[in-house]
Each structure stands twice: as structure tokens, then as C-alpha cells.
There are 2 protein chains.
Amino acid sequence: MKLTTKGRYAVTAILDVALRQKSGPISLADISSRQDISLSYLEQLFSKLKKHQLVKSVRGPGGGYLLGKSPVDINIAEIILAVNEPLDATRCRGKGNCRDGETCLTHHLWQDLSHQIQNFLTSITLANLLERSETKYISEKQDAQFEGQHSHKDTLILDRLL
Amino acid sequence: MKLTTKGRYAVTAILDVALRQKSGPISLADISSRQDISLSYLEQLFSKLKKHQLVKSVRGPGGGYLLGKSPVDINIAEIILAVNEPLDATRCRGKGNCRDGETCLTHHLWQDLSHQIQNFLTSITLANLLERSETKYISEKQDAQFEGQHSHKDTLILDRLL
DNA sequence: CCTATAACCTACTAAATAAGTCAAGTATTA
DNA sequence: TAATACTTGACTTATTTAGTAGGTTATAGG
């Protein structure tokens, strides 16, 4: 699970579609100018997103992209995984230095941690983000789901954004 | 918050120290051979880790690195942030296309999401990982803390690693 | 039918970052 | 005082990200 600007672009772009698709397909050119991401880069990203059925396309004038399924059924993890390559293999695969299991320990702990992050991102859907964008203050339900045991002092107030 | 192999190297390496420091300082050469990370790259990483007081060094023969504080007081987020540069600025800063607040929407949602991930990683300490490495099966307490509402079918059984 | 629009596709390139190398130090202590 | 191990900085290389250029196909609307 990699978290880079690439995944962020993908999430941003698909959220842009989600927010506006009521009025029909959204063209990449529109997303490009709104989100300030180059058109060609968006083409690369949406090609992958489409391959994973996260979006569907409408060709021709007035065409563009629509969500491939309901926002409830699209989670953040799958968006990020869709645009990142097959998630490169474990470091030790094939190498001799993991034969006794001992040296694999931290390696697998990291993998485990990575799974936790992925689970976490899987638990957040596009619908959740849409909700947040329509909610002036974060609801308690969301809050609990997102934050676990931590202090809420840095919780984002979406008010100023809308 | 970026999640790349760089941060993974850092977590892996510092965990290696945590697991073995009972027998004294751990040299980078040892970590290098055990974890298969180049010595010089480790030097770069540990230089930053030390700057953030996550580790402390012991010079001279038999020297190496020790944790800078208790495993309970070191969380995963600070390890990753320590080796990644000051967390690059927001895309729209200074640019004209965010003036009306509208275009910033998804941008801030992403930032918010990033905060959630950071909160999550902040909630996991080195001590948690150490515990896990000593526990054959994941305890319920850990499980609840880590996973939220999700299915546990892909939960890692550490048994096979130890 | 024609034309503009927009998806789709391929190949390439520039920039940034990650990862690793090299070399010449300095401090510590057995 | 020699061995060990950290420190520092300048380099190189590889990979990934981001952007360009140049097309083709599909289709809505005049």
C-alpha cells in the first residue's frame, strides 16, 4: 500500500466526478482545469480506474466519465490500489536471507501494518467523503469511525470549505 | 503523509533495534545484513531518526544505536515523518485556482483523510509492534484497536513467523 | 454527411524522488 | 593506538511521477 500524490490525484479526481455527475458525464478537461491536474495524466489515471470498473466512460460530445458504481460501493483503498501498480513484491522473496524465518520478522510486521492501513482505507467509502462534503461539521458517527482513540483537536471543520 | 518504502525501511530498521537492544547497541552493519538495506542508506535514515530523538547512538567499538525513548513513546507516524521531508505544501498554495474555495473542496477532503491516516499511525506504537511480535495470535484488544469495523479474515497470524 | 467534442491510445521526455555509492573524515574505547 | 563505528557531504543511478505530442475512434448535433 503506497500513499503518494498519485493516489491523491486519483481520489481527488474521482471525488470531483462524484460531486458533479448528477448533471451528466464529467469530462477530463473540466477536471483538469478545476483540480489543476494535467489532462494527459488524468487520462492515464482514468484508464486504470476504468479497468477496475471504478468509473465508466461516455464518448463523444458531452461525454466524459461517470462513477462505475454507487459511491457506497467505492472505497478509498481500491481507488489508490487501482492507480498504483500491482503492489511490488516483498523484499525477501527469493533472496536467501530470509530462510530461517528470523529475518522475516520485522518484514512481516510491516506487511501486517500495511494491511491495517489498507483495512482502514477500505472502511472509508466515497459516500463517506461525499457526506462529509455536505456536512458542515463532522458527525459523531463519522468521527468515531475515523479516529479511534485519538484527540479531536485537529479535526477538520469543513464549514470554511463550502 | 507519504507512505513509501523509505518509511517502511525506517520502521523496519528501528523495529530491528527495538527487538535486539537488550544485548546492547545495535550497529548499522548488523541491521544492514539482517534487513538487507544498504549501509549508507541506513546512515541517512538514522541521521534523521537521531535528529528527532527516536534513536540515540553509542560510538566506538561495540557501539551502535539504541532507542531514544521507550517503545511506548515511539509511534509509527513519527518514524515515517522523521525520514520524509517536511511534508510538501498543499497544491493550491499561492495558485490562483483556489480563490473561491470551491476548487479546494476535494483538496481539503484529501488533507482531512491524510490526517486520519496520520492519527491512525500515531495510535500504533513500537511497543504495540513488539507485543505483536511476541504474541502468537493477535489479542482481541489489539485487534479492536487496529481494525475498526472490518472483517478479520485477512488478519495476520504471527505464529508462522516466530 | 460533416464537424466539433471527448474518450482512447502510444510513445516519448522532463522532473522529482528514492535508493545506493564513495570517500574522507571524527569520536570512542578496548 | 588501532579498531570500530558514527558523521558528513558530494555523487550516481534507478524508479516513479508528471507532462507532451501526436494520433485514432466514437458520437451528438447541426
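Chain letters run A, B, ... following the sequence lines, proteins first, then strands; residues in each count from 1. Small disclaimer: the values here were computed from a predicted structure and weren't measured.
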How close or far is atom [atom2] of [N] from atom [atom1] of [X], stated in whole angstroms?
X       : N      : atom1 : atom2 : result
A/Arg8  : D/dA18 : CZ    : C1'   : 14 Å
A/Ile31 : C/dA7  : CD1   : C1'   : 12 Å
B/Asp30 : D/dC6  : CG    : C1'   : 14 Å
B/Lys56 : D/dC6  : NZ    : P     : 15 Å
B/Ile37 : C/dA18 : CD1   : C1'   : 13 Å
B/Lys48 : D/dT8  : NZ    : P     : 13 Å
A/Leu42 : C/dC8  : CG    : C1'   : 14 Å
A/Gln35 : D/dA18 : CD    : P     : 14 Å

base_contact_polar (D/dC6 base, B/Glu43 side chain, donor-acceptor, <3.5 Å):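 Donor-acceptor pair under 3.5 Å: no.
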
Can you find an N or O donor on one side and an acceptor on the other, under 3.5 Å apart, linking the side chain of A/Arg59 with the base of D/dT25?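 Per atom types, the contact qualifies.
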
Looking at [X], does any N or O in its side chain come under 4.0 Å of the phosphate oxygens OP1/OP2 on [N]?
X       : N      : answer
B/Ser47 : D/dC6  : no
A/Thr5  : D/dA18 : yes
A/Ser38 : D/dT20 : no
B/Ser27 : D/dT4  : no
A/Tyr41 : C/dT13 : no
A/Lys50 : C/dA7  : no

Nearest-0.5 Å distance, CD1 of residue B/Ile14 to CD1 of residue B/Ile79: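 CD1 of B/Ile79 is found 4.0 Å from CD1 of B/Ile14.
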
Rounded distance [0.5 Å steps], OG1 in A/Thr4 versus OH in A/Tyr9: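 Spacing of OG1 (A/Thr4) from OH (A/Tyr9) equals 10.0 Å.
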
Proximal nucleotide (of [options]) relative to the [X] side chain:
X       : options                : answer
A/Asn84 : C/dT28, D/dT27, D/dT17 : D/dT17
B/Ser57 : D/dT7, D/dT17, C/dA4   : D/dT7
B/Ser40 : D/dT7, D/dA21, C/dT21  : C/dT21
B/Pro61 : C/dG20, C/dT29, C/dC8  : C/dT29
B/Tyr9  : C/dG20, C/dA7, D/dA18  : C/dG20

Hydrophobic cluster identity match, A/Leu45 and A/Leu19, side-chain contacts under 4.5 Å: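 Both belong to a single hydrophobic cluster.
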
Toward the 5' end of DNA chain C, by each residue's nearest nucleotide, A/Leu39 or B/Val58: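 Result: A/Leu39.
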
Assign each of B/Gln44 and B/Gly63 to its nearest nucleotide of DNA chain D by heavy atoms, then name whichever residue's nucleotide is nearer the 5' end.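 Looking at the nearest nucleotide for each, B/Gly63 comes out on the 5' side.
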
Sugar-phosphate, base or nothing in reach of A/Tyr65, heavy atoms under 4.0 Å: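 Touches sugar-phosphate only.
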
Locate the shortest heavy-atom distance separating A/Ile26 from A/Arg34; write the atom from each residue and the value.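 Nearest heavy atoms, A/Ile26 then A/Arg34: CG2-NH2, 3.4 Å.
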
For the residue pair A/Leu42 and A/Tyr65, establish whether any side-chain heavy-atom pair is separated by less than 4.5 Å.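 No, too far: nothing below the 4.5 Å cut-off.
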
Near A/Lys56 NZ, under 6.0 Å, is it more than 12 heavy atoms from other residues, nucleotides or ligands?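 At most 12 heavy atoms, drawn from other residues, nucleotides or ligands, come within 6.0 Å of this atom.
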
